[in-house]
Amino acid sequence: MSLAEKILQGDIRAAARLMRDVDDGFSSALPELKTLYPHTGNAYILGITGPPGAGKSTLTDQITASFRQSGRRVGIVAVDPTSPFTGGAILGDRIRMNRHADDEGVFIRSLATRGALGGISRSTGEVVNIMDAMGMDVVIIETVGVGQDEIDIVRMAHTTAVVMVPGLGDDIQAIKAGILEIADVFVVNKADRDGADRTARDLSMMIEMGNRKEGEWLPKVMKTEACRGTGIEELMAEFEAHRGFLSASGIMQRFTEEKNRAVFSEMLKERLFNSVNGRILENGELKRIVAGMGTRSVDPYSAVEEVLDRYLLDAGSESA
Amino acid sequence: MAERKLRILVGKPGLDGHDRGAKVVARAFRDAGLEVIYTGLHQTPEQIVSAAIQEDVDCIGLSILSGAHNTLLPRVCDLLKEKKADDIAVFCGGVIPEDDIPGLKKAGLKEVFTPGTSTEDIVAWVKTNIGC
């Protein structure tokens, strides 16, 4: 029986192994993913992002507990950074979620970024799909601790929560572009700390300043103390409200279309690149181009054009 | 062809609260290029085995200083067998009397590291003995 068939029958080990095959870039994963694809698209995907130490894992733990109370099965993808020097990683998000470890309705997978810069790993989309095919009602993606510009999560999650904490900056930080623009819900965690009201106020002001069109979603600022479970009920209600808004407004459909288009282009880009790059690497052409650029006898603009002219027509026929 | 990345779970079963050793070892594995799933303190054997399966690790390294090693560690090995996951190797480190080591190995522990072992030796052992 193939991994995919086993997964569809509820085999946890098969799912864990396929996730690893995907993460390690094994081409053997492709046929399995093909088999699983028709069984995906049912899970509600929730993104949790924010700076390191904001309480994303603890919040994820509380949110998971709440979903479990209402009987929903939860998959969690928790991303932590890979060392740029050794390639190693400490994946420590599970520590905050240990009480769910032996609950069969929860599946937690830790992933390392492995060089990806957008706050999640390259494999995240596929791992989410596998959890979706496993029959998880909700998949929570917890990004690596992010700063200002790591916003890949927004294309992946139906609802994105940006978790902030008091004391990270003033109201000027709050009007900067990037991560603060992607929130469907703002969470000011550690709300018992000094300055929490100020942080919430700065965020609210930033939201009010925005030029929102009629019928657009207006993010709210929610205050929580994740380690005590304070504010979780209200937060869950806000997630539910956003989910309802997405379906009622027709935005869900648009989101799915855009996401599918992005997934396809991304995959096409990667396969095309690997196919062409693989060949010029193998036949030494890449080396000649780079050497030529060094002496300025070759310019990269013409070199790319020449390579594309030569290989692009039949690039698709070779699998990467 | 893509390469397998070695994944290891490091955790502390039972009730002792001393996790410095586990952290030092986890850090050494990280520096050796492994992906380390660190599950922290106060783990039950059930939690450890369930996490190891979900994370598809190649091995489990357990740190134990409480004296409960003869109870908790064989239980981890038994649970792995029960779940048909005993291809995941288990080793441990901690304050473990010489006399207990043969029994632990018989129960399924692949190696037992006692105080004074260098992190280099532990990393080298994993790299030699744990394939993926």
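Labels below follow one simple rule: chain letters A, B, ... track the order of the sequence lines, proteins then strands, and each chain is numbered from 1. Side-chain atoms are counted along with the backbone in the values below, which use heavy atoms only and exclude waters and symmetry mates.
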S.K.: So which of B/Thr39, B/Val36, B/Ile37 actually passes side-chain contact (heavy atoms from CB on, under 4.5 Å) with A/Leu91?
M.R.: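 Single side-chain contact (heavy atoms from CB on, under 4.5 Å) partner of A/Leu91 among B/Thr39, B/Val36, B/Ile37: B/Ile37.
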
S.K.: Is there side-chain contact between B/Asp56 and A/Met19, with heavy atoms separated by less than 4.5 Å?
M.R.: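 No, too far: nothing below the 4.5 Å cut-off.
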
S.K.: Could you go through the salt bridge (charged side-chain N to carboxylate O under 4.0 Å, His left out) check for B/Arg4 and A/Asp21 one step at a time?
M.R.: CA-CA 8 Å; B/Arg4 271 277 183 245; A/Asp21 288 348; 2.4 Å; yes

S.K.: Please find the pair of heavy atoms, one from A/Arg20 and one from B/Val57, that lie closest to each other, and give the distance.
M.R.: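 Scanning both residues completely, I find the closest heavy atoms to be NH1-C, 4.4 Å.
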
S.K.: Is it the case that the side chain of B/Gln54 and the backbone of A/Arg109 share a donor-acceptor pair, with hydrogens and angles ignored and the cut-off at 3.5 Å?
M.R.: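 No, B/Gln54 side chain to A/Arg109 backbone: no donor-acceptor pair under 3.5 Å.
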
S.K.: Between A/Ser83 and B/Gly33, is there a donor-acceptor pair closer than 3.5 Å when you use the side chain of the first and the backbone of the second?
M.R.: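 Answer holds: no.
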
S.K.: Please indicate whether A/Arg96 has more than 12 foreign heavy atoms, meaning atoms of other residues, nucleotides or ligands, lying under 6.0 Å from its CZ.
M.R.: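 No - once you tally the heavy atoms of other residues, nucleotides and ligands closer than 6.0 Å, there are 12 at most.
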
S.K.: About how many Å separate CZ of A/Arg94 and OG of B/Ser50, when rounded to the nearest 0.5 Å?
M.R.: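 CZ of A/Arg94 is found 6.5 Å from OG of B/Ser50.
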
S.K.: What residues form a salt bridge (Lys or Arg N to Asp or Glu O under 4.0 Å) with A/Asp132, not counting sequence neighbours?
M.R.: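 So A/Asp132 forms no salt bridge (Lys or Arg N to Asp or Glu O under 4.0 Å) with any residue.
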
S.K.: Using non-hydrogen atoms and a 4.5 Å limit, figure out which bit of B/Leu9 sits close to chain A: side chain, backbone, both or neither.
M.R.: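 Nothing of B/Leu9, per the 4.5 Å heavy-atom cut-off to chain A.
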
S.K.: Between NZ of B/Lys84 and CG of A/Asp11, what distance do you get to the nearest 0.5 Å?
M.R.: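 Output value for this atom pair is 10.5 Å.
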
S.K.: Search all heavy atoms of B/Glu55 against all heavy atoms of A/Ser110 and return the closest pair with its distance.
M.R.: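 That closest heavy-atom pairing would be OE2-OG, 2.7 Å.
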
S.K.: Please tell me whether B/Gln47 and A/Arg99 have a donor and an acceptor in their side chains that are separated by less than 3.5 angstrom.
M.R.: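 Their side chains do not contain a donor-acceptor pair, so the 3.5 Å distance test is not met.
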
S.K.: Quick one: pull up CD in B/Glu3 and CG in A/Asp24 and give me the separation to the nearest 0.5 Å.
M.R.: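 B/Glu3 atom CD to A/Asp24 atom CG measures 9.0 Å (nearest 0.5 Å).
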
S.K.: Could you give me the CA-CA distance, side-chain angles and deciding distance for A/Arg114 and B/Lys5, then say whether side-chain contact (heavy atoms from CB on, under 4.5 Å) is met?
M.R.: CA-CA 10 Å; A/Arg114 299 196 181 179; B/Lys5 184 96 176 169; 3.4 Å; yes

S.K.: What distance do B/Lys23 atom NZ and A/Ile90 atom CD1 have between them, rounded to the nearest 0.5 Å?
M.R.: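 Here the rounded value is 10.5 Å.
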
S.K.: If you count heavy-atom pairs within less than 4.5 Å of chain B, which of A/Asp103, A/Ile108, A/Thr82, A/Ile12 leads?
M.R.: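 Ranked by contacts with chain B, first place is A/Ile108.
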
S.K.: Under 4.5 Å heavy-atom distance to chain B, tell me which part of A/Val106 shows up: side chain, backbone, both or neither.
M.R.: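 The answer is the backbone of A/Val106.
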
S.K.: Are any of the side-chain heavy atoms of B/Lys83 and A/Arg13 separated by less than 4.5 Å?
M.R.: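 Result no, sub-4.5 Å side-chain heavy-atom pair not found.
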
S.K.: Is it true that atom NZ of B/Lys105 has more than 12 heavy atoms of other residues, nucleotides or ligands lying nearer than 6.0 Å?
M.R.: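 Buried by this count: over 12 neighbours within 6.0 Å.
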
S.K.: Please state whether the side chain, the backbone, both or neither of B/Ile53 comes within less than 4.5 Å of a heavy atom of chain A.
M.R.: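 Both parts, heavy atoms under 4.5 Å.
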
